[in-house]
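Read the structure below first, then the notes.
Please read all numbers here as calculations on a predicted model, not as lab measurements.
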Amino acid sequence: MLEQMNAVFLEEATELLDNLEGQLLSLEEDPQNSETISAVFRAMHTIKGSAAMFGFDAVSHFTHEIESTFDLVRNGVVPVTHELINFTLTARDHIRDLLTANPVPPEMQAESDKIVSSFQNYVAPYKNGNSAASEKDSQKDAVPAKSTQTTQSANKPTGKETTWRIMFRPSADIMRNGTRPALLIKELTEMGVATVVPFYENLPDLSEMDAEKCYFSWDVILTTDKTENDIQDVFIFLDNDSKVTFEKIDIGSSANKKIGEILVDRHEINRAELDSLIAQQKKLGQLLVENTGISKQQIQSALAEQEHITKIISEGSKPPVQTQTPQTNQSIRVSSEKLDQLIDLVGEMVTFNARLGQLAQDMKLSQLTSLSELSERLILSLRDTSMDMRMLPIGTIFSRFKRLVRDLANELGKNIEMVTEGAETELDKTVIEKLNDPLVHLIRNAADHGVETPDVRVASGKSPQGTITLSAKHAGAFVLITIADDGAGINRERVKQKGIEKGLIKADDKLSDSEIDELIFRPGFSTAAKVSDISGRGVGMDVVKRNITTLGGTIAIESNPGKGSAFILKIPLTLAIIEGMLVSIGKNKYVIPLTNVDECLEYMPEDDDENGMCSHITARGQFLPCINMRNYFDEEGEAPKEEQVVVVNDQNSKIGIIVDKVIGNHQTVIKPLGKLYKNIEGLSGATILGDGSVALIFDVFKLSAVVHRLENERINR
């Protein structure tokens with residue numbers, strides 16, 4: 001169990017660090033933004049407290065120093081500068097390293113001390129110049145009293161306060177997971193004026209008590225100027241069995257509420273029950289205990305809330321009337337492994353339903369056919385829902401590239417701004433994970449060889465600050481991702497000359513601009529006089545193209561000399577379930593991804609090279625090379641008299657795939673090929689059909705490469 005909790009902590013801490021990077025970069029652009037400063041402080045505070053809770057003492061001690069610095073920042077003692085952002089980004093990276101090393105080796109501890117010293121040296125002049133500046137002591141050991149009396153914190157709210165009703169119901173085993181609930185309550189009381197009521201009706205006799213179990217729960221009435229996110233962060237690493245709810249209390253309408261009305265607001269009794277008890281004209285508290293499920297401690301908690309509100313109003317700290325309905329935290333965290341399992345199960349159900357439909361068709365039973373159609377609708381709805389659960393905003397990786405551009409600009413001596421658009425565009429999480437490396441390479445290229453140095457830009461009549469724009473938008477079943485810069489653009493004369501030197505093209509070849517641009521995707525191609533450690537336009541671009549192609553996507557280039565370049569990626573939304581076209585070749589069936597299909601035609605060859613693998617047809621007035629899949633797979637038996645050709649597109653051209661028969665559309669659950677088949681050119685996976693047989697899925701891009709290779713061999717003969 002402890003290992004599971006550690007895994008939860010590491011996952012949450014990693015997410016906090018990812019968000020922290022974006023917050024720091026935003027703070028560098030707007031150093032006076034108090035909300036961002038508070039967010040950075042809150043992230044450090046949460047990591048510090050949770051690290052201590054789970055035994056990552058080195059992380060806790062190190063993060064405490066950074067937290068102390070940002071406490072001075074938010075109190076106006078220390079300013080936000082480029083230097084402080086540099087220190088904090090370095091600290092953020094070091095925290096990530098510390099999380100993977102427990103215990104921490106001496107050399108890593110030495111690095112911690114070095115970074116801490118840099119923070120201490122940075123704040124020293126400001127602290128010495130302002131004796132009123134003092135760090136908050138976050139290590140106080142006060143805990144809530146174990147009694148029925150309420151506990152008032154000494155902190156006073158400072159204006160713009162909100163009053164919250166927080167109900168904390170920890171699981172019995174919460175302390176076995178390393179969580180100390182009393183410290184969570186303590187942290188709440190430090191946020192403002194807090195009234196704490198402990199519940200201990202489940203406390204057993206001393207002889208039956210287990211020291212490792214938690215028998216308490218708490219209600220906390222908190223008036224604070226902190227945000228809801230601040231309060232929720234106290235419980236960010238809570239185990240799944242513990243429950244906590246947050247509700248805003250409308251001070252304006254709660255000023256004169258009776259105990260019964262407060263219990264109605266808490267949903268502990270309903271209005272009808274309350275009216276019935278009031279009609280008996282007895283003491284309400286006694287009636288509630290005798291006639292409902294309300295306990296004495298619940299009444300005491302309602303009394304504490306009543307006294308808290310009266311105190312807040314009497315002291316003149318009355319927040320504006322709240323009109324919002326009570327809010328509760330309804331989001332949950334689900335591991336990616338469970339989502340993957342869900343998709344696998346949905347895929348199995350799709351396959352099962354296909355077999356059920358086939359059976360209904362063979363048996364010709366109307367009732368079975370009706371059930372099959374109903375099942376198909378339900379499974380399609382379940383498929384769409386489960387696929388939506390796997391969809392993530394592409395902004396989850398966009399944010400990390402701002403740091404990349406910032407570091408590259410500093411290293412190259414350039415002034416570069418990173419602009420992102422369409423960060424809310426959603427993609428399957430598996431696709432997003434595989435996009436990271438290609439995007440990193442393209443952005444590094446744009447920073448190194450796209451955007452010019454400030455002096456060159458000024459000489460060209462441009463702003464000294466260059467811009468790299470990373471944008472995304474939906475386009476049907478695809479997402480278009482564009483990496484654009486306003487730099488020098490591609491020098492096509494230089495690219496063409498390099499292509500001639502490498503023997504890729506001939507000196508007298510007449511190439512269009514797009515054909516010249518495509519040369520940079522050739523393996524090892526580069527126009528750079530000196531390959532830098534950062535990038536070289538062309539060096540590794542073949543790898544980028546291969547990775548995008550593996551995803552079933554395409555990459556295109558748009559470049560205007562002197563004005564900049566844009567690389568446009570066309571990526572499928574998901575890789576798990578696709579729509580395909582089912583075809584037959586001999587006794588076997590195959591699937592062609594429907595997104596690559598343009599049209600289906602009758603096969604009427606104009607030049608069949610002795611029934612070879614390659615043929616040609618004229619489609620829509622265009623010369624179209626084709627690949628005969630019967631010959632490609634050495635299929636036995638005679639071909640049918642009437643064959644068909646499926647016209648498909650890769651990223652640059654069209655080819656024809658000659659098949660025996662086009663059967664129709666087929667919802668395809670992609671299954672990976674085994675090791676025995678992974679090197680077969682032209683196949684990307686497999687799927688199971690309704691009759692239980694296996695159909696292989698064509699890799700259109702690999703087949704296109706085969707066709708073009710055979711065409712070149714044919715021309716050179």
Side-chain angles (χ1 to χ4, degrees), residues 350 354 357-358 361 376 475-478 549 552-554 570 572-573 577-609 611-670 680-691 693-708 710-711:
V350 170
Q358 184 70 43
Q361 184 178 357
E376 182 178 8
F478 292 85
T549 300
T554 63
K570 185 178 180 182
L573 287 173
I577 301 175
I578 64 171
E579 294 294 332
M581 176 172 285
L582 189 64
V583 300
S584 65
I585 302 170
K587 297 179 180 179
N588 301 310
K589 294 183 176 66
Y590 300 86
V591 173
I592 304 174
L594 200 58
T595 53
N596 295 110
V597 175
D598 280 357
E599 59 182 332
C600 300
L601 305 170
E602 290 186 12
Y603 177 49
M604 300 176 64
E606 296 182 359
D607 182 11
D608 191 344
D609 187 10
N611 200 29
M613 201 173 296
C614 276
S615 298
H616 306 86
I617 64 171
T618 300
R620 312 295 180 192
Q622 292 184 339
F623 179 79
L624 187 70
C626 301
I627 181 169
N628 192 317
M629 301 309 297
R630 267 187 163 272
N631 296 337
Y632 186 74
F633 289 128
D634 290 329
E635 188 71 39
E636 297 180 354
E638 293 185 4
K641 293 182 180 180
E642 295 182 356
E643 294 180 285
Q644 293 178 290
V645 58
V646 180
V647 180
V648 297
N649 63 80
D650 64 5
Q651 55 191 20
N652 301 315
S653 60
K654 295 181 180 181
I655 66 167
I657 299 178
I658 303 170
V659 300
D660 289 359
K661 182 181 180 181
V662 173
I663 299 174
N665 290 2
H666 182 267
Q667 189 177 102
T668 304
V669 180
I670 301 175
I680 296 181
E681 202 169 24
L683 300 178
S684 62
T687 188
I688 301 175
L689 303 178
D691 59 2
S693 62
V694 174
L696 298 175
I697 303 171
F698 286 156
D699 186 330
V700 170
F701 302 96
K702 294 289 180 62
L703 289 177
S704 177
V706 170
V707 170
H708 292 307
L710 293 174
E711 279 292 297

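- With rounding to the nearest 0.5 angstrom, the CG atom of N631 is 10.5 Å from the CD1 atom of I585.
- Between the side chain of N665 and the backbone N or O of M581, no donor-acceptor pair lies under 3.5 Å.
- Closest approach of V591 and G580 over heavy atoms only: CG1-CA, 3.8 Å.
- Counting only residues at least two apart or in different chains, salt bridge (charged side-chain N to carboxylate O under 4.0 Å, His left out) contacts with residues 581-601 comprise D598-K654, E599-R620.
- Here the rule is side chain to side chain contact (heavy atoms under 4.5 Å, CB included) with R630, and of I658, V659, D660 only D660 fits it.
- By the ring-ring contact (aromatic ring centres under 6.0 Å, His included) test, Y590 pairs with F633, F698, sequence neighbours left out.
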Which atom pairs, one a donor and one an acceptor, fall under 3.5 Å between side chains of residues 638-645 and the rest of the protein, sequence neighbours left out?
| residue | atom | partner | partner atom | Å |
| --- | --- | --- | --- | --- |
| Q644 | OE1 | V662 | N | 2.8 |

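- Within the model, atoms CG of L683 and CG of L703 stand 7.5 Å from one another, a figure rounded to the nearest 0.5 Å.
- Taking CG of L582 as the start and CD1 of I592 as the end, the distance is 9.5 Å to the nearest 0.5 Å.
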